[in-house]
Structure formats: structure tokens, C-alpha cells
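Report on one structure; see the data block that follows.
Residue numbering restarts at 1 for every chain, and letters A, B, ... go by the order of the sequence lines.
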There are 2 protein chains.
Amino acid sequence: MNQPARRQPDRTRQTLLECAFEEMHRSGFRAASLDAILESSGVTKGALYHHFGSKTALGYAVVEEVVRPWVEASWRPVLEAGDCIAAAVAVCQELTRQRTVRAIEYGCPFNNLINEMSPVDEGFRKRLQQILDDWREGIVAALRKGQAQGVVRADVVAEDAAAFIISAVEGCVGMAKSKRSREFLESGMRGLIAYLETLRSRSSR
Amino acid sequence: MNQPARRQPDRTRQTLLECAFEEMHRSGFRAASLDAILESSGVTKGALYHHFGSKTALGYAVVEEVVRPWVEASWRPVLEAGDCIAAAVAVCQELTRQRTVRAIEYGCPFNNLINEMSPVDEGFRKRLQQILDDWREGIVAALRKGQAQGVVRADVVAEDAAAFIISAVEGCVGMAKSKRSREFLESGMRGLIAYLETLRSRSSR
DNA sequence: CAGCGTTCATACTGGTTGGTATGTAACGAG
DNA sequence: CTCGTTACATACCAACCAGTATGAACGCTG
């Protein structure tokens with residue numbers, strides 16, 4: 001039994017965020033039903049509207065407090081690794097390997113939200129853009145570091161490569177949603193890995 | 001004046017498809033309001049339900065009769081060109097150049113529909129998957145032809161490269177939706193073009 | 001223990017949406 | 001001209017959904 005009458009406002013809020021994230025991942029933000037979130041979280045409507053002023057405010061909180069850390073965590077290895085290309089390849093391989101068919105169908109929450117919400121809600125757009133900017137800056141820094149180390153070719157334009165790599169990853173995961181199998185995702189990722197290898201300087205092969 | 005009482009069922013149907021396409025492009029399929037489509041097309045609900053059995057059926061027809069030709073037309077140059085790499089580069093440049101800021105915000109209809117509808121509606125998923133398969137097969141054929149001509153490196157895995165190229169294009173257009181400016185799209189595309197050049201065989205440079 | 005703000009619970013509402021029932025006018029066949 | 005089918009038009013409905021009003025129970029403070 002969970003304590004029936006005990007109050008844990010922070011935990012209630014966190015549960016709400018997590019259940020909202022999952023519902024948004026499955027259905028998208030606009031089609032996400034508050035009733036469904038309330039049912040899966042075991043929270044009532046009064047509690048929800050105590051913690052969040054509106055459905056939109058809940059969505060913003062999910063972006064800031066769930067999606068953002070999730071994106072950051074997935075690429076931290078690349079930013080911290082010695083050989084950023086090898087680390088990126090490893091992340092790409094991990095991305096496909098541990099992904100269930102279910103996860104392939106639902107895709108990347110970050111990509112989903114950009115595609116759904118950016119054109120129709122400025123608050124979502126700004127928050128998602130900020131996450132994208134930070135991600136891109138991280139990749140740029142990693143590539144520059146790699147260039148200083150002699151791992152990455154000096155003629156690579158870091159900004160362009162970073163935008164391209166992020167786009168390719170999200171594009172692969174997105175396109176794979178229309179396929180039932182893992183094949184497309186794996187194939188696209190092999191293409192990406194082949195590209196990443198072209199960024200390596202001859203001296204570090 | 002358009003003929004007030006004259007009947008043009010084929011034209012009515014076509015108008016409906018085009019207006020539905022635009023509304024779906026702006027709002028997505030599920031958030032697309034039939035009333036909005038009816039208003040922009042000047043057609044009444046009775047006429048709509050005469051031509052299409054349901055909103056879903058209308059959506060399927062839009063995919064088959066508007067989205068599919070649109071996707072096919074955008075890549076035909078690559079499939080027919082002599083130098084498929086040069087043609088692909090040209091398509092990418094054209095893709096960014098002629099695109100208005102408005103079009104950047106709303107993104108690619110094909111990508112939008114895959115991301116929104118594939119997980120939640122099997123009928124959409126199958127139709128979109130078929131378009132993706134055909135697109136990919138086209139690129140594979142173009143790459144193979146390029147390899148036979150000595151334009152494309154022989155060690156390129158055509159299936160992987162095709163999946164990767166399509167994903168990268170759609171990823172760039174998708175990510176750019178979260179940015180107001182053209183910068184990200186152009187930057188990602190420069191990265192893509194740099195990648196496309198790596199596919200070229202040394203003998204054809 | 002008294003009092004009060006925080007945290008939640010329940011019932012209800014107004015608006016929107018996809019869909020339908022019913023009617024009518026155009027159109028082609030004979 | 002007649003008649004049945006096609007192609008629309010209008011009015012209405014049931015479902016769903018975000019949001020609100022109201023109130024009660026908890027729990028900290030003094």
C-alpha cells in the first residue's frame with residue numbers, strides 16, 4: 001500500500017511529470033488526454049491544477065525537467081570522451097541496440113515535440129530550440145577539441161557537421177517510426193557511422 | 001464568379017484534397033479541423049462526407065494523392081540525372097534556397113505525418129512506409145547506377161547510404177522547425193553536401 | 001491546540017469535434 | 001418529360017476535453 005492520506009507534494013509533482021512525459025511520448029502533446037495522465041498517475045484533477053496552471057504549463061515543465069535532461073544524458077559520453085568520434089559511434093550503436101520495437105515505433109520524444117509543437121506554440125518552440133542549441137554547441141565543442149587533439153580533420157566545419165549529425169540521428173529515428181522493423185534504423189545508423197569515420201584525420205586512423 | 005449551381009464532383013474532390021493537405025500541413029492530421037477545411041475550401045460537410053467516408057479516409061487520400069506525388073517529384077531529378085551526386089547536391093541547395101521562413105516553420109509534410117501518425121494509426125503507417133520504401137529504392141538505384149558509371153565509390157553500401165541521406169534531409173528540415181532562421185537548415189545541408197561529396201569516387205573528382 | 005495556508009478531491013461547464021439524419025437540387029438514362 | 005442516382009446542403013447530436021468552482025483534509029506555525 002502507498003500511504004493513503006500522506007502528502008508528498010514533490011513526489012506528486014514528479015509522478016505527474018513522468019506520466020505526462022509518457023503520455024506525450026505515446027500520443028503527442030495535443031492528443032495527450034489529461035484524464036489519461038490522471039488515471040495512470042493516480043492523481044486527481046485538483047492536484048494537477050494545483051501544481052500546474054494549465055495543460056500547456058505542464059507540457060513546458062515536461063520539456064524543461066524531463067526531455068532536457070534526457071537529451072543531455074544521451075550525448076554526455078561524446079562530450080566527455082577522449083576520442084569523440086569513437087564515442088559518437090558507440091552512442092549510435094547503443095541507440096539502435098537497446099531500442100525495443102516499441103521504442104522504435106514511438107521515436108524520440110525530443111524530435112516528436114519539435115515536429116508537433118514548434119509551429120503551433122511559441123513557448124514550446126523556444127524551449128525546444130534552446131535544447132537544440134545547447135546540444136549543437138556541445139557537439140561543436142567536442143569536434144573542436146577533437147581537432148585540437150588531431151583526431152578530427154582540420155577542414156571539418158564544426159557547426160555544419162554538428163547540425164548535420166544531430167539532424168541525421170533524429171531523422172533516422174523519425175523515419176524508422178514508419179517501419180515496423182529495426183532494419184531501417186540500423187541501416188541509416190551504419191550510414192551515419194560511415195560518415196563519422198570520414199571526419200577522422202588520416203593521422204589518427 | 002464560379003458557377004453557383006454547376007456540379008463538378010472531380011473538382012470538388014480535388015479542392016478538398018488540397019485544402020485538407022494544407023490544413024494538415026499547418027496543424028497536423030489530428031488537430032486538423034474539418035470545419036476549417038470546409039471553410040477554406042468553400043465546401044459543405046455533406047459534400048465532404050459524400051466523397052470521403054470519414055476524416056481518416058480523407059487523410060489516407062491526401063497521403064496517396066498529394067503527399068506521394070509531392071515526394072516523388074522532389075527527388076525525380078536525382079533519379080534521372082547523369083551524375084546523381086551532383087543532382088542530389090543541387091536538390092539540397094534548391095531545398096533551402098526557395099524555402100520561405102514560413103515553410104521552414106511548418107516543415108516537410110511527409111516527415112510531419114510519419115512522426116505524428118505512424119505510431120497511432122496503422123493505415124497511415126503502411127501508406128507512409130510504402131512511400132519511404134519507394135523513395136529509398138529510388139536512391140539505391142541511383143547510387144548503383146552511379147557506381148556502374150564510376151561516379152560513386154564502389155565500397156559505398158547503397159542501402160545504408162540511401163537510408164542515411166533520406167533521414168538526414170528529413171532530420172534537417174525537422175530540426176529547423178524549432179529555429180526561426182534559415183541558418184540551421186543551411187548549415188545542416190552544407191554538412192549533408194560535404195557528406196555527398198565523400199561518396200564520389202576519386203576518379204570522377 | 002488553534003488557526004491558516006497548502007495540498008488535494010469531486011462535480012460541473014462550455015466549447016469543439018467528428019459524425020449522422022434528412023432533405024433537396026442537379027444530372028443522366030430511357 | 002420521367003425517374004432514379006449522384007452530388008450536395010443544413011441541422012443536429014453525442015463524446016470528449018480543458019478548465020473551474022467549491023470544499024475538505026492535511027500539516028506546519030505559533
Nearest-Å distance for atom pair CD1/P, residues I37(A) and dG19(D): 11 Å

Rounded distance (Å) that lies between atom P of dT6(C) and atom CZ of R11(A): 23 Å

Separation of atom OH in Y49(B) from atom P in dT10(D), rounded to whole Å: 17 Å

Length of the line joining D10(A):CG and dT7(C):C1', which is rounded to integer Å: 12 Å

Check ion pair K179(A)-E183(A) (N to O, under 4.0 angstrom): no

Contact under 4.0 Å: H50(B) side-chain N or O vs dC8(D) OP1/OP2: no

K45(B), nearest nucleotide to its side chain (from dT17(C), dC17(D), dG19(C)): dG19(C)

Atom pair distance, as rounded to whole Å: CD in E39(A) and C1' in dC16(D): 15 Å

Interatomic spacing from CG in L132(B) to CG in L128(B) - rounded to 0.5 Å: 9.0 Å

Side chain of L34(B) - closest among dA18(D), dC8(C), dG18(C): dG18(C)

Integer-rounded Å distance: dC8(C) C1' and F52(A) CZ: 14 Å

Phosphate OP1/OP2 of dA7(D): any T12(B) side-chain N/O under 4.0 Å: no

Among dG18(C), dT7(C), dA18(D), the one nearest R7(A) by side-chain distance: dT7(C)

Interatomic distance where CD belongs to Q8(B) and C1' belongs to dT6(D) [whole Å]: 15 Å

Contact under 4.0 Å: T44(B) side-chain N or O vs dC8(D) OP1/OP2: no

Side-chain N,O (H51(B)) to OP1/OP2 (dC8(D)) below 4.0 Å: yes

Given dA7(D), dT7(C), dG18(C), the nucleotide with the shortest approach to the side chain of P9(B): dA7(D)

Qualifying residues under salt bridge (Lys or Arg N to Asp or Glu O under 4.0 Å), relative to E159(B), sequence neighbours excluded: R144(B)

Worked verdict on R99(A) versus V173(A) for side chain to side chain contact (heavy atoms under 4.5 Å, CB included): CA-CA 10 Å; R99(A) 195 164 279 250; V173(A) 176; 3.7 Å; yes

Results of ring-ring contact (aromatic ring centres under 6.0 Å, His included) for F21(B) - residues two or more places apart only: none

Spacing of L16(A) atom CG relative to dT7(C) atom P, expressed in whole Å: 13 Å

Sugar-phosphate, base or nothing in reach of A32(B), heavy atoms under 4.0 Å: sugar-phosphate

Any donor-acceptor N/O pair under 3.5 Å between dG19(D) base and K55(A) side chain: no

